[in-house]
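One structure is given below, encoded as structure tokens.
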Amino acid sequence: MIDIKSKREIELMEEVCRIAALTQKAIEEAIKPGITTLELDEIAEKTMRKHGAIPAEKGYPSGIKGVPDFPASICSSVNDVVIHGIPSRKEVLKDGDIISVDLVAYKNGFHGDCCRTYMVGNVDKETKRLVEVTKQAFFEGIKYAKKGNRLGDICHSIGEFVHQNGFSVVREFQGHGIGRQMHEDPGIPNYGKAGKGVRLEPGMTLAIEPMVIAGKPDILELDDGWGIITEDGTNAAHYENTILITEKEPKILTLL
């Protein structure tokens, strides 16, 4: 069931999403060669708590026997790690790396979810293109995030743009509705058929998140039960915002 947000609920969503965006800004300013992913995690938690929010990913249940709950405030996915990388004091960013930072802030009963892929120092031309195409895929998708359109219009646009640029989308993971729960209906894959799926209505809040691989779309799971890597070792990028469907153009809630 898709939850249509009331005016007051949208105001609370706007507040927590702004905190998520401020947290990404703090991380962006801190990223440089030599910093550890654990240091970035600490910056994220400190920023959220400063604004009265908490990191919703910390303690998120794995749902898998033997796999502990997620231990950190952000997912920090470096180079060939697609999603769900766990921050570590041993993981030091170096010149030429890329890192996807996925975070969810929680305040007043609502969630704000966003991800950015950052370039560390001097990144090669093709990796830079991967990051740029991934970000642009989001904006290609939300051109169709309008009242009366179908969810598949967004999904199709993202997948086509990525493939036209010679990259692959991850098929096993997807975007989602968001609000009182971190993950709500509907699921939003980064591929699909235009004209299919639920009809978009004002008051829907959606986390749209292209996850793009430079090489083949095949993925593997790390032994920690969380991290997902590319099977062929090529880099991956990830870009996400929480958006609101309105009577007119979509509103991006996690951009400052």
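Model, not experiment: these values are computed from the prediction. Numbering starts at 1 and runs along the sequence shown.
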Which distance, rounded to the nearest 0.5 Å, do you find between the [atom1] of [X] and the [atom2] of [Y]?
X	Y	atom1	atom2	result
Asn235	Ile229	CG	CD1	12.0 Å
Ile213	Asp80	CD1	CG	9.5 Å
Lys5	Arg180	NZ	CZ	9.0 Å
Lys58	Asp41	NZ	CG	6.5 Å
Asp224	Leu222	CG	CG	5.0 Å
Thr242	Ile252	OG1	CD1	10.5 Å

Please name the pair of heavy atoms, one in [X] and one in [Y], separated by the smallest distance, quoted to 0.1 Å.
X	Y	result
Gly112	Ala20	O-CB, 3.7 Å
Ile208	Phe138	O-CD1, 3.6 Å
Lys32	Leu93	O-CB, 4.1 Å
Ala145	Leu200	CA-CD1, 3.8 Å
Met119	Ile98	CG-CG2, 3.9 Å
Asp69	Ser62	OD1-N, 3.7 Å

Do [Y] and [X] meet the salt-bridge criterion of a basic N to acidic O distance under 4.0 Å?
X	Y	result
Glu249	Lys146	yes
Lys216	Glu231	no
Lys94	Asp97	yes

Flag yes if [X] and [Y] sit in one hydrophobic cluster, no otherwise; membership is Ile, Leu, Val, Met, Phe, Trp, Tyr, and two members link when side-chain heavy atoms are under 4.5 Å apart.
X	Y	answer
Ile228	Val67	no
Ile243	Met204	yes
Met182	Leu103	no
Tyr191	Val133	yes
Ile35	Val78	yes

Indicate yes or no: at least one non-hydrogen side-chain atom of [X] is less than 4.5 angstrom from one of [Y].
X	Y	answer
Phe110	Glu11	no
Ile86	Phe70	yes
Glu42	Ser73	no
Glu209	Cys115	no
Thr127	Asp124	yes
Glu15	Lys107	yes
Ile43	Thr23	no
Thr117	Val101	no

TODO: Evaluate the ring pair (Phe, Tyr, Trp, His ring centres under 6.0 Å) criterion for residues His238 and Phe173: first the C-alpha distance (whole Å), next the side-chain angles of each, then the deciding distance (0.1 Å), finally the verdict.
DONE: CA-CA 11 Å; His238 185 185; Phe173 294 89; 9.8 Å; no
- [ ] Decide side-chain hydrogen bond (donor to acceptor under 3.5 Å, both in side chains) for Thr254 and Asn241; before the verdict, give the C-alpha distance in whole Å, the side-chain angles of both, and the deciding distance to 0.1 Å.
- [x] CA-CA 6 Å; Thr254 45; Asn241 282 302; 2.8 Å; yes
TODO: Might you confirm whether atom OH of Tyr144 has over 12 heavy atoms from other residues, nucleotides or ligands at distances under 6.0 Å?
DONE: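 Atom OH in Tyr144 is not crowded, with 12 or fewer foreign heavy atoms closer than 6.0 Å.
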TODO: Start with the C-alpha gap between Glu14 and Lys251, add the side-chain angles, then the distance that decides, and say whether salt bridge (charged side-chain N to carboxylate O under 4.0 Å, His left out) holds.
DONE: CA-CA 10 Å; Glu14 288 174 331; Lys251 184 174 183 179; 2.7 Å; yes
Is it the case that the side chain of [X] and the backbone of [Y] share a donor-acceptor pair, with hydrogens and angles ignored and the cut-off at 3.5 Å?
X	Y	result
Trp226	Pro68	yes
Glu91	Ser88	no
Asp232	Thr234	yes

TODO: Evaluate the ring planes of His183 and His176, with Trp represented by its six-membered ring, and classify them as parallel (under 30°), tilted (30 to 60°) or perpendicular (over 60°).
DONE: perpendicular
Open item on the list: Walk me through whether Gln136 and Glu140 qualify under side-chain hydrogen bond (donor to acceptor under 3.5 Å, both in side chains).
Closed with: CA-CA 6 Å; Gln136 187 58 35; Glu140 294 296 321; 2.9 Å; yes
- [ ] Starting from the C-alpha separation in whole Å, work towards a yes-or-no answer on salt bridge (charged side-chain N to carboxylate O under 4.0 Å, His left out) for Arg116 and Glu28.
- [x] CA-CA 9 Å; Arg116 306 284 184 265; Glu28 182 179 20; over 6 Å; no
Open item on the list: Before you tell me yes or no, could you show the steps for Tyr106 and Glu57 under side-chain hydrogen bond (donor to acceptor under 3.5 Å, both in side chains), namely the whole-Å CA-CA distance, both residues' side-chain angles and the distance that decides it to 0.1 Å?
Closed with: CA-CA 9 Å; Tyr106 178 79; Glu57 290 175 328; over 6 Å; no
Open item on the list: We want to know whether Glu132 and Tyr239 form a side-chain donor-acceptor pair, criterion being a heavy-atom distance below 3.5 angstrom.
Closed with: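 Note: Glu132 and Tyr239 side chains miss the donor-acceptor criterion.
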